[in-house]
A.B. asks: 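Questions regarding the structure given below will be posed in turn.
Position 1 is the first residue of the sequence; numbering continues from there.
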Amino acid sequence: MRIGVYPGSFDPATYGHLDIIRRASRLFDKLIVAAMVNGEKRSAFTMEEKVDFLKRMTRDIPNVEVDCFDGLLADYVRDKGACAIVKGLRAVSDFEYEFQMALANKKLNPELDTVFLMTEQKYLFLSSTIVRDIARHGGDIAEFVPDEIRMDIMNKLDQTK
């Protein structure tokens, strides 16, 4: 069984993430979408909220499993029996950083490959940071996040109420 892992902070998950999840799920027998603790970022959402959002967003994709982890990605992937990490790319700047991470993960786990998927053009500008900023100011995020989670994001972040 070919298992892929799509890690991210998903703070919150967006249509851009869902695009990568749907496409990557067609490449693997099982895709684990893994919300990770990023010590360099202060999260707006709890790990439980992120996992819940991801489960609701992906419930119609049968070979997707949602999980969370804290620690080295290379170790997590090995523990899950996965053969590849999936990373979404929006711009050249994403590639530079992700390429460095792929090389580091390969050094830690030589059996591991990283698969890069280009984000669909309509999501090139989209980031969790943009969604958080719009939501905090009461803006409409309907075009950026799935309906299943939109109101939860607004209820937590909207500071104009």
A.B. asks: Nearest 0.5 angstrom please: Glu65 CD to Lys80 NZ, how far?
C.D. replies: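 One gets 5.5 Å once the value is rounded to the nearest 0.5 Å.
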
A.B. asks: Closest heavy-atom contact between Asn63 and Ser25?
C.D. replies: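 Answer, listing the atom of Asn63 first, then Ser25: ND2-O, 2.7 Å.
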
A.B. asks: Could you tell me which residues satisfy salt bridge (charged side-chain N to carboxylate O under 4.0 Å, His left out) with Glu148, sequence neighbours excluded, listed by chain and number?
C.D. replies: none

A.B. asks: Suppose we screen for side-chain hydrogen bond (donor to acceptor under 3.5 Å, both in side chains). Which residues come up paired with Asp133, at least two apart in sequence or across chains?
C.D. replies: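 Partners of Asp133 by the side-chain hydrogen bond (donor to acceptor under 3.5 Å, both in side chains) criterion come out as none, since no residue qualifies.
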
A.B. asks: Under the salt bridge (charged side-chain N to carboxylate O under 4.0 Å, His left out) test, which residues partner Glu111, sequence neighbours left out?
C.D. replies: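 Once residues adjacent in sequence are excluded, Glu111 has no partner under the salt bridge (charged side-chain N to carboxylate O under 4.0 Å, His left out) criterion.
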
A.B. asks: Which pair of non-hydrogen atoms, one from Ala84 and one from Val115, has the smallest distance, and what is that distance?
C.D. replies: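 Residues Ala84 and Val115, closest heavy atoms: CB-CG2, 4.0 Å.
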
A.B. asks: Going by salt bridge (charged side-chain N to carboxylate O under 4.0 Å, His left out), name the residues that satisfy it together with Asp147, two or more places apart in sequence or in a different chain.
C.D. replies: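 With sequence neighbours excluded, Asp147 shows a salt bridge (charged side-chain N to carboxylate O under 4.0 Å, His left out) to Arg150, given in chain and number order.
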
A.B. asks: Report yes or no: does Ser127 contribute a side-chain atom to a donor-acceptor pair with the main-chain N or O of Ile130 at less than 3.5 Å?
C.D. replies: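 Answer holds: yes.
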
A.B. asks: Would you please name every residue forming a side-chain hydrogen bond (donor to acceptor under 3.5 Å, both in side chains) with Asp52, sequence neighbours left out?
C.D. replies: Arg56

A.B. asks: How does the hydrophobic cluster around Met101 look, that is, which other residues are in it when side-chain heavy atoms under 4.5 Å mark a link?
C.D. replies: Tyr97

A.B. asks: Taking salt bridge (charged side-chain N to carboxylate O under 4.0 Å, His left out) as the test, write out the residues that go with Asp70, two or more places apart.
C.D. replies: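 Applying salt bridge (charged side-chain N to carboxylate O under 4.0 Å, His left out) to Asp70 gives none.
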
A.B. asks: If you measure from OG1 on Thr114 to NZ on Lys106, what distance do you get to the nearest 0.5 Å?
C.D. replies: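 Going from OG1 on Thr114 over to NZ on Lys106, the span is 8.0 Å.
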
A.B. asks: Mind checking side-chain hydrogen bond (donor to acceptor under 3.5 Å, both in side chains) for Asp19 and listing every partner two or more places apart, or none if nothing turns up?
C.D. replies: Arg23

A.B. asks: Could you tell me which residues satisfy ring pair (Phe, Tyr, Trp, His ring centres under 6.0 Å) with Tyr123, sequence neighbours excluded, listed by chain and number?
C.D. replies: none

A.B. asks: What pairs of residues pass the ring-ring contact (aromatic ring centres under 6.0 Å, His included) test when at least one of them lies in residues 124-143, not counting sequence neighbours?
C.D. replies: Phe125-Phe144

A.B. asks: I'd like a table of donor-acceptor pairs (distance under 3.5 Å, sequence neighbours excluded) in which one partner is a side-chain atom from residues 4-16, with atom names and distances.
C.D. replies:
unit_1, atom_1, unit_2, atom_2, d
Asp11, OD1, Ala44, N, 3.2
Asp11, OD1, Phe45, N, 3.0
Asp11, OD2, Ala44, N, 2.8
Thr14, OG1, Gly16, N, 3.1
Thr14, OG1, His17, N, 3.3
Thr14, OG1, His17, ND1, 3.3

A.B. asks: So, does Arg90 use its side chain to make a donor-acceptor pair with the main chain of Leu126 at under 3.5 Å?
C.D. replies: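 Yes, the answer is positive, given that a donor and an acceptor are paired below the 3.5 Å cut-off.
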
A.B. asks: Check side-chain hydrogen bond (donor to acceptor under 3.5 Å, both in side chains) between Arg22 and all other residues, then give those that pass, not counting sequence neighbours.
C.D. replies: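 Scan of Arg22 (side-chain hydrogen bond (donor to acceptor under 3.5 Å, both in side chains), adjacent residues dropped) gives Asp60.
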
